[in-house]
Amino acid sequence: MPKHEGPRAIGIPGPARAIAGLPTGLPGFFAHDLSGLIRTGRPRDWLVSMVSPLARALGLTRRPFWAIGVGGNALNRALRAGWIQYRLLALRPSVRNGLP
């Protein structure tokens, strides 16, 4: 089996399933997609996207500085492709628990 570097996000529920699966007493109030507020085309992002494959090929990802750059590039690519989103999820206490 090939070695995996970095975290994996398999089976993370969407906002509707996340709200439905919350513990009793914290019903969902609203969920809003904030992904459009993130700028992914900055010059720094372009530079990191050019350097990341080389850093990975040279094994530099064992050092935190390079690992953060490669991980940031992967995050940036996933945001642009629509594979992940930044979402604001607001919750409110339920009246049943006696909270206002």
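In this text, all values refer to a predicted model and were calculated from it rather than measured experimentally. Side chains included, hydrogens not; waters and symmetry mates left out as well; all remaining heavy atoms used.
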Between S49 and W46, is there a donor-acceptor pair closer than 3.5 Å when you use the side chain of the first and the backbone of the second?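 At least one qualifying donor-acceptor pair exists.
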Return yes when atom CZ of R63 has more than 12 non-hydrogen atoms of other residues, nucleotides or ligands closer than 6.0 Å, and no otherwise.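 No, not enclosed.
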Count the heavy atoms of every other residue, nucleotide or ligand shown that sit under 6.0 Å from CZ of R39, and state whether that count exceeds 12.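 Counting other residues, nucleotides and ligands, CZ of R39 stays at 12 neighbours or fewer.
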Any idea which heavy atoms bring [X] and [Y] closest together, and the distance?
X   : Y   : result
T61 : R56 : CG2-CA, 4.0 Å
G69 : S52 : O-OG, 3.7 Å
G41 : D45 : N-OD2, 3.9 Å

Separation of L75 CG from R80 CZ (nearest 0.5 Å):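 Those atoms lie 10.0 Å apart.
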Candidate pair L60 and F65, rule side chain to side chain contact (heavy atoms under 4.5 Å, CB included), full reasoning: CA-CA 9 Å; L60 297 175; F65 176 81; over 6 Å; no
Kindly work out whether a path of hydrophobic side-chain contacts (I/L/V/M/F/W/Y, heavy atoms less than 4.5 Å apart) joins W66 to L47.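 Yes, same cluster.
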Tell me whether L58 is reachable from V70 by hopping between hydrophobic residues (I, L, V, M, F, W, Y) whose side-chain heavy atoms are closer than 4.5 Å.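 No, V70 does not connect to L58 through the hydrophobic network.
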side-chain hydrogen bond (donor to acceptor under 3.5 Å, both in side chains) between R77 and N73: does it pass, once the steps are laid out? CA-CA 6 Å; R77 290 176 57 193; N73 182 51; 5.6 Å; no
Not counting sequence neighbours, which residues clear side-chain contact (heavy atoms from CB on, under 4.5 Å) with I38? List them please.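 Checked I38 against side-chain contact (heavy atoms from CB on, under 4.5 Å); matches are T40, L79, Y86.
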